[in-house]
Amino acid sequence: MPDLSPTAVADWLRERDPDVATLPLLGPIDADPAVLRTMLRLGELLEQARANDAERLSARLRHPATAVNLRAALAQSGMARRLRLLDWFGDAGLPERNAVLAVAMGAGPDGDFVRAELQALQRRALLARIYAPERIQMLLAACQPEGMTGGRE
């Protein structure tokens with residue numbers, strides 16, 4: 001089941017990508033106890049629906065009325081929960097999983113926001129790898145003339 005509790009989501013994210021897990025990924029809405037209860041219930045219901053009839057769940061998630069609400073929920077969730085849900089949609093064994101993911105990030109302001117957030121996250125992760133301290137140190141060392149320390153003769 002996609003456990004959407006803050007601890008479970010943070011643990012899942014640390015396992016998947018420790019670099020991303022260091023970013024601020026909880027939004028203001030994540031601190032609301034009512035939202036937390038609702039998100040936990042959503043995770044339970046998604047798993048129950050998948051276990052009962054994955055084909056039906058997939059079709060319902062792709063239904064236009066559901067898609068609007070799904071995109072709104074994803075856009076309002078913090079990045080960590082958003083990533084956890086998108087990952088679950090892709091890995092839960094749902095039929096037409098690519099279509100479910102496409103609907104989750106579909107046209108409209110909420111889908112645009114979700115896609116933009118994912119692109120920003122990907123860009124940050126790429127820049128973090130490019131400018132990693134060990135990589136910069138290696139480049140600086142490569143620029144030093146042989147036998148020199150600290151860049152001075």
Side-chain angles (χ1 to χ4, degrees), residues 1-51 54-55 57-143:
M1 148 176 82
D3 183 348
L4 299 176
S5 67
T7 302
V9 169
D11 291 346
W12 167 84
L13 195 53
R14 270 191 292 282
E15 272 182 32
R16 296 293 278 217
D17 193 336
D19 292 333
V20 171
T22 63
L23 298 172
L25 298 170
L26 295 177
I29 198 162
D30 291 307
D32 185 323
V35 171
L36 176 58
R37 284 191 301 275
T38 302
M39 293 304 280
L40 293 175
R41 184 74 179 132
L42 174 63
E44 293 169 4
L45 291 173
L46 283 170
E47 184 56 39
Q48 287 173 8
R50 186 198 59 79
E55 185 72 43
L57 174 60
S58 177
R60 284 187 169 184
L61 289 171
R62 291 180 281 123
H63 188 275
T66 306
V68 169
N69 292 323
L70 175 59
R71 284 190 296 271
L74 287 171
Q76 294 301 314
S77 298
M79 178 63 84
R81 276 204 188 100
R82 184 177 312 122
L83 290 172
R84 179 64 183 108
L85 281 166
L86 291 171
D87 182 72
W88 189 84
F89 294 143
D91 288 344
L94 293 177
E96 303 290 332
R97 70 179 180 198
N98 289 338
V100 171
L101 289 167
V103 163
M105 296 181 283
D110 291 328
D112 293 345
F113 175 77
V114 170
R115 284 191 314 280
E117 282 281 296
L118 291 174
Q119 289 170 345
L121 184 62
Q122 183 180 22
R123 193 169 35 256
R124 280 184 280 192
L126 177 62
L127 289 172
R129 284 192 300 273
I130 290 171
Y131 295 107
E134 59 276 4
R135 180 172 279 184
I136 297 298
Q137 289 302 318
M138 206 170 21
L139 289 171
L140 290 172
C143 293

**Message:** Around atom CD of Q76, are there more than 12 heavy atoms from other residues, nucleotides or ligands closer than 6.0 Å?
**Reply:** no

**F89 side chain reached by V103 side chain, heavy atoms, under 4.5 Å** = no

**Prompt:** Side chains of D3 and W12: does their closest heavy-atom pair fall under 4.5 Å?
**Reply:** no

**Item:** Contacts of type salt bridge (charged side-chain N to carboxylate O under 4.0 Å, His left out), residue D87, not counting sequence neighbours
**Value:** R16, R84

**Item:** Point-to-point distance, once rounded to the nearest 0.5 Å, from CG of D112 to CE of M105
**Value:** 12.0 Å

**Asked** Listed by chain and number, what are the side-chain contact (heavy atoms from CB on, under 4.5 Å) partners of I136, not counting sequence neighbours?
**Response** Y131, L140

**Nearest atoms (heavy-atom pairs only) where G106 meets R115** = O-NH1, 3.0 Å

**Request:** Check whether any side-chain heavy atom of L118 sits under 4.5 Å from a side-chain heavy atom of L83, and report yes or no.
**Result:** yes

**Listed partners of D11 passing side-chain contact (heavy atoms from CB on, under 4.5 Å), at least two apart** = T7, R14

**Request:** Let me see the working for R71 and V114 under side-chain contact (heavy atoms from CB on, under 4.5 Å), right down to the final yes or no.
**Result:** CA-CA 8 Å; R71 284 190 296 271; V114 170; 5.8 Å; no

**Message:** My understanding is that only residues two or more places apart in sequence, or in another chain, count here; which of them pass side-chain contact (heavy atoms from CB on, under 4.5 Å) with A142?
**Reply:** none

**Asked** Between CD of Q119 and CD of E117, what distance do you get to the nearest 0.5 Å?
**Response** 10.5 Å

**Request:** Count the heavy atoms belonging to other residues, nucleotides or ligands that lie under 6.0 Å from CD of Q48, then report whether that count exceeds 12.
**Result:** yes

**Request:** Indicate yes or no: at least one non-hydrogen side-chain atom of L74 is less than 4.5 angstrom from one of L85.
**Result:** yes

**Complete:** The reported gap from CD1 in I130 to CZ in R123 (rounded to nearest 0.5 angstrom) is 12.0 Å

**Message:** So, taking the atom named CD in Q122 and the one named CG in L127, what distance separates them when rounded to the nearest 0.5 Å?
**Reply:** 10.5 Å

**Prompt:** When you measure from the side chain of R37 to the backbone N and O of D32, does any donor-acceptor pair fall under 3.5 Å?
**Reply:** no

**Request:** Say whether, by atom type as modelled, one donor and one acceptor occur between the side chain of R50 and the main chain of G93 under 3.5 angstrom.
**Result:** no

**Request:** Specify the closest pair of heavy atoms between L13 and A80, including all atoms of both residues, with the distance to one decimal.
**Result:** CD2-CB, 4.2 Å

**Request:** Provide the closest heavy-atom pair for A49 versus L57 in the form atom of the first, atom of the second, distance.
**Result:** CB-CD1, 3.9 Å

**Asked** Distance from L40 atom CG to L45 atom CG, nearest 0.5 Å?
**Response** 11.0 Å

**Minimum heavy-atom distance between F113 and A75, given as atom pair plus value** = CE2-O, 3.4 Å

**Asked** How close do A54 and L94 get, heavy atom to heavy atom, and via which atoms?
**Response** O-CD2, 4.0 Å

**Asked** Distance from T38 atom OG1 to L4 atom CG, nearest 0.5 Å?
**Response** 11.0 Å

**Prompt:** Going by the side-chain hydrogen bond (donor to acceptor under 3.5 Å, both in side chains) test, which pairs reach into residues 58-67, not counting sequence neighbours?
**Reply:** S58-R62

**Message:** Could you work out, with salt bridge (charged side-chain N to carboxylate O under 4.0 Å, His left out) as the rule, every residue matching R97, not counting sequence neighbours?
**Reply:** none

